[in-house]
Amino acid sequence: MIRISLRTLRHHKGGFVASFIALFFGAAIVIGCGGLFETGLHKAAPPERLSAAPVVVTGDQRYPGTRRDMFVERITLDASAAGAIESVPGVTGTVPDVSFPVTVAGDDKQSGTGATGHGWSSAQLAPYELTEGEAPSGSGQAVLDARLAERTGLAPGQRVQFLFNGDAKSYEISGLVSGPGGSDTVFLSDEEAALATGRPGKVDAFGVLTEPGADVGQVADQVREAVDGQPAQVLTGDERGWAENPDIVAEGGKLITLASVFGGLSAMVTVFVVSSTLGLSIQQRQREMALLRAIGTTPAQLRRLILGETLFIAVIATALACIPGPRIGRFLLDAFASNGVVPDTIVFRAGGVPMIIGAGAAMITALGAAFIAARAAARTRPTEALAEATLQRRWFSGMRLVFALLCLGGGTALALVTANMDGPSAGSTATPAAMLWTAGFGLLGPGLAKMITAVLRGPVRAVSGLAGRLATLNAKERSSRMAGAVMPVMLATGLATALIYLQTTQSSGSEKAFDESLRADLVVTSVSGGLPLDTVDAVKALPGVEAASAQVSSLGFIEPAQPPEEDDEPEPTEMPLQGITPEGVDRTTAFRASDGSLDALRGETVALPTKSTGGHRLGDMVPMRMGDGGEVSLKLVATVESRRGYETALVPASLLVEHTDSGLVPQIMVSAAAGTDHAQLSRTLSALSEQHPGLRVSDRATLGAVYAEQDETQTWMSYLLLGMVVGYATIALVNTQVLATTERRREFMLQRLIGSTRRQVMQMMTVEAALVSVAGIVLGLLVAGLTLVPLSVSVLGSPMPDGSPWIFIGVITAACALTLATTLASTTIVLRSRPGDVVGVRE
């Protein structure tokens with residue numbers, strides 16, 4: 001049967017080309033996502049500034065005892081640890097490295113160029129080389145990367161003002177260096193750099209230099225023993241880049257989630273597409289299957305025939321998909337990095353495993369779809385086969401009903417879960433719910449297609465006459481074939497509508513929560529990233545200011561109430577932290593105490609969201625870890641009600657800034673006194689730039705625009721994934737419509753022989769394309785509605801999703817246009833043949 005299956009390929013090129021296209025694109029996307037998944041596991045980031053050190057010791061960003069929870073602020077090490085490291089055999093020296101944000105001030109007092117400062121001794125770790133001038137030898141000298149100097153127009157001998165640590169200081173440019181990495185590097189003397197960090201006696205990392213020929217792995221193991229008991233990790237190889245950018249450890253893990261979600265979604269779409277394409281192709285060969293059964297072919301032989309054909313196509317398609325697959329993974333990684341979703345220092349690392357998994361998934365999908373498609377034909381009795389080749393009487397089965405009910409039941413369960421989830425997390429269940437709804441309706445496709453056709457039969461005939469009558473009769477008698485054409489339309493329409501409005505609804509919910517939390521009229525920020533805490537008092541003292549409050553954001557953990565069992569990981573409660581000034585919080589934000597008082601937020605105190613108290617009562621001490629891993633015990637003085645999914649713990653700004661990297665206040669929220677002109681107050685606040693260079697004043701609209709711009713990263717990422725999945729579904733739509741039309745060559749020629757003109761056949765196919773479009777759109781919108789209503793209830797508190805109606809109009813128009821254009825173009829090509837030649841050959 002395998003030999004026969006190979007010989008049949010050339011007689012059914014259209015169907016097998018369609019199957020090949022579906023398998024090729026599906027496998028390529030899954031392989032690309034597999035490579036992205038493996039990249040997320042490795043989180044490989046070859047070092048740049050620290051490349052000369054074979055071993056790097058840096059702070060461990062993980063919550064103690066866990067691998068999942070990460071601290072958001074930099075974990076530093078004691079400078080005194082250098083002695084223990086240098087005592088390790090094979091170590092010739094250690095080089096401390098510190099990093100701190102620095103802004104090269106512009107000509108005015110409200111602009112600047114961001115850079116990163118380091119101590120001069122760490123320049124040898126890259127290594128950087130002096131190209132002009134000399135190294136910084138005093139507290140008033142600095143060395144710039146040559147590219148930064150070119151960008152800012154600076155040269156050796158000139159003076160420049162740097163903004164860092166909430167202050168401004170003038171420096172002489174003593175030299176320029178060239179080296180790896182970006183062009184945003186500034187070197188100060190080691191003593192000056194230590195003061196600039198605001199953390200004297202602390203370092204970010206140690207570059208460990210080893211003897212020539214030393215076993216790096218062995219040295220690293222001994223260094224781990226030397227720093228045991230400190231919050232440190234010892235890195236070698238590509239992991240050394242983690243010390244340069246700690247965000248890689250936390251943010252790199254996003255790739256695993258992204259690849260899993262996108263790859264899983266793509267795999268499910270592939271199942272639908274391949275099943276639909278193969279099923280349609282085999283249905284159109286029913287007469288051939290009937291003849292084989294009539295001459296004595298057994299059901300098992302028929303199944304082997306179909307599986308052999310499919311296996312041959314699948315092997316070629318998946319083998320070729322291994323070529324573009326890794327390129328798709330690299331493209332996605334580059335796109336994520338360039339838009340700030342993940343650090344741009346992560347490199348693509350994918351071996352043969354993703355290809356094997358992707359190819360295996362594609363093969364299993366293809367063979368499973370082929371087995372299902374061949375099952376009905378293989379079970380047909382020889383005496384009934386020829387009759388069933390022309391009329392499709394059976395479109396349903398008990399097994400099909402069982403799986404359909406399981407999918408619809410799963411979709412219902414996920415819909416209920418989505419409606420009761422926190423808004424920011426609702427999308428994680430809404431997307432798989434959409435796929436389950438799609439699967440359920442896909443399994444019931446022939447029956448649903450018959451129902452929709454029956455409803456439309458009268459109106460279609462009334463509008464289109466004879467062409468409509470022929471089209472509705474075709475749809476009625478060939479419900480399985482119509483269902484195969486409808487499913488890709490449903491898939492593309494449902495996914496596009498559901499996923500686009502899912503993103504717009506979540507963005508709207510996020511913006512609504514932000515707007516509701518904001519009560520301030522103006523916000524004071526700095527181009528250097530922050531202002532000293534005492535600036536809040538200076539702002540409050542200005543005329544026209546009713547209230548002012550610091551706003552410091554971080555992320556901490558509430559310690560678990562019970563210690564974990566032996567060998568179990570602790571389960572701390574992750575908690576967003578907001579540092580505020582209690583005197584002005586009620587007039588600049590929407591935070592209100594439901595119990596206790598926010599005025600009591602002074603010293604080591606905390607106000608927790610009502611749902612996150614964990615059994616603590618007012619006056620209890622709450623053990624917590626701050627964003628830098630610092631352990632604190634805070635007195636619970638109030639509870640606050642928060643929008644579901646946006647719960648935040650409030651702590652005094654004076655406490656929180658001590659546990660942030662910068663030690664500064666990023667924003668000061670200001671409310672104007674009654675009758676005060678906001679423009680005049682803005683000018684008054686701007687005058688503070690004399691004491692605080694880099695200070696800026698913005699209004700609420702500007703702050704909202706900045707927030708929306710930050711939210712665009714998530715939006716862009718979602719649209720990228722959506723574009724690839726829906727793009728694949730669109731290819732499948734076109735693919736299926738071409739197959740469904742071109743395989744009807746003999747039918748069209750018979751119509752021509754009995755007197756139908758080309759125009760009449762085209763009119764009939766126009767009506768059929770309209771029926772397919774309407775049926776697919778109705779089912780797609782049903783999928784989208786069942787997905788979006790629970791999501792909207794969770795995110796917005798309303799069953800109506802948010803988004804432009806033009807999205808809906810665009811999706812519907814595109815689906816109709818693609819279906820109609822593809823069907824008519826294929827029909828036009830088929831009608832070029834001479835009726836006598838085609839019918840004669842087939843008979």
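Atom set for the values below is all heavy atoms of this structure, side chains included, hydrogens, waters and symmetry mates excluded. Residue numbers run from 1 in the order of the sequence given.
The heavy-atom pair separating Leu255 from Gly40 by the smallest distance is CB-CA, 3.8 Å. Nearest heavy-atom pair across Ala815 and Ser773 is O-OG, 4.3 Å. The two atoms that bring Ile248 and Lys43 nearest to each other are O-CD, 3.3 Å, heavy atoms only. Between Pro46 and Thr345, the closest heavy-atom pair is CD-O, 4.1 Å. Of all heavy-atom pairs between Gly440 and Leu408, the closest is CA-CD2, 3.8 Å. Counting all heavy atoms, side chain and backbone alike, Thr787 lies closest to Pro790 at O-CD, 3.5 Å.
One finds the CD1 atom of Ile777 at 4.5 Å from the CD1 atom of Ile812 (value rounded to the nearest 0.5 Å). Leu444 contributes atom CG, which lies 7.0 Å from atom CG of Leu401 (distance to the nearest 0.5 angstrom). One distance of note links CZ of Phe348 with CZ of Phe331; it measures 13.0 Å at 0.5 Å rounding. Note that OG1 of Thr819 is 12.5 Å distant from CD of Glu768, once rounded to the nearest 0.5 Å. Rounded to the nearest 0.5 angstrom, Leu470 CG and Gln763 CD are separated by 10.5 Å. Between atom CZ of residue Phe24 and atom CD1 of residue Ile313 there is a gap of 13.5 Å, rounded to the nearest 0.5 Å.
Side-chain contact check for Thr412 versus Trp437: some heavy-atom pair is nearer than 4.5 Å. Looking only at side-chain heavy atoms (C-beta outward), Leu788 and Leu502 come within less than 4.5 Å of each other. Inter-residue side-chain proximity for Leu831 and Met749 is flagged as met; some heavy-atom pair is nearer than 4.5 Å. Residues Val460 and Leu771 meet the side-chain proximity criterion, which asks for heavy atoms closer than 4.5 Å. A 4.5 Å side-chain heavy-atom check between Thr828 and Met762 finds at least one atom pair inside the cut-off. Two residues are said to be in side-chain contact when any heavy atoms from C-beta on lie closer than 4.5 Å; Phe20 and Leu320 meet this criterion. The closest side-chain heavy-atom distance from Leu791 to Tyr501 is not below 4.5 Å. Put simply, the side chain of Ile328 does not reach to within 4.5 Å of the side chain of Ile31, judged on heavy atoms.
Applying the side-chain hydrogen bond (donor to acceptor under 3.5 Å, both in side chains) test to Thr431 and every residue at least two apart in sequence or in another chain returns nothing. Residues satisfying the side chain to side chain contact (heavy atoms under 4.5 Å, CB included) criterion with Ile256, sequence neighbours excluded, are Phe37, Leu41, Ser260. With sequence neighbours left out, Arg758 forms a salt bridge (Lys or Arg N to Asp or Glu O under 4.0 Å) with no residue at all. Annotation: side chain to side chain contact (heavy atoms under 4.5 Å, CB included) contacts of Thr757 (sequence neighbours excluded): Arg759, Gln760. For Leu782, the side chain to side chain contact (heavy atoms under 4.5 Å, CB included) partners at least two apart in sequence or on another chain are Phe441, Leu786. Annotation: side-chain hydrogen bond (donor to acceptor under 3.5 Å, both in side chains) contacts of Thr827 (sequence neighbours excluded): none. Remark: Ala439 pairs with Phe272, Cys407 by the side chain to side chain contact (heavy atoms under 4.5 Å, CB included) rule, at least two apart or across chains.
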Just list the side-chain donor-acceptor pairs under 3.5 Å for residues 489-497, sequence neighbours left out, or say none.
unit_1 : atom_1 : unit_2 : atom_2 : d
Thr493 : OG1    : Val489 : O      : 2.8
Thr497 : OG1    : Thr493 : O      : 2.8

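Here side chain to side chain donor-acceptor pair (under 3.5 Å) pairs that include residues 24-41, with residues two or more places apart or in two chains, are Glu38-His42. Judged as a salt bridge (charged side-chain N to carboxylate O under 4.0 Å, His left out), the pairs with a partner in residues 344-369 (not counting sequence neighbours) are, in order, Asp238-Arg349.
At least one donor-acceptor pair under 3.5 Å links the side chain of Thr472 to the backbone N or O of Arg469.
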Where do Phe808 and Leu781 land on the side chain to side chain contact (heavy atoms under 4.5 Å, CB included) test, with the steps shown first?
CA-CA 9 Å; Phe808 173 79; Leu781 294 182; 3.5 Å; yes
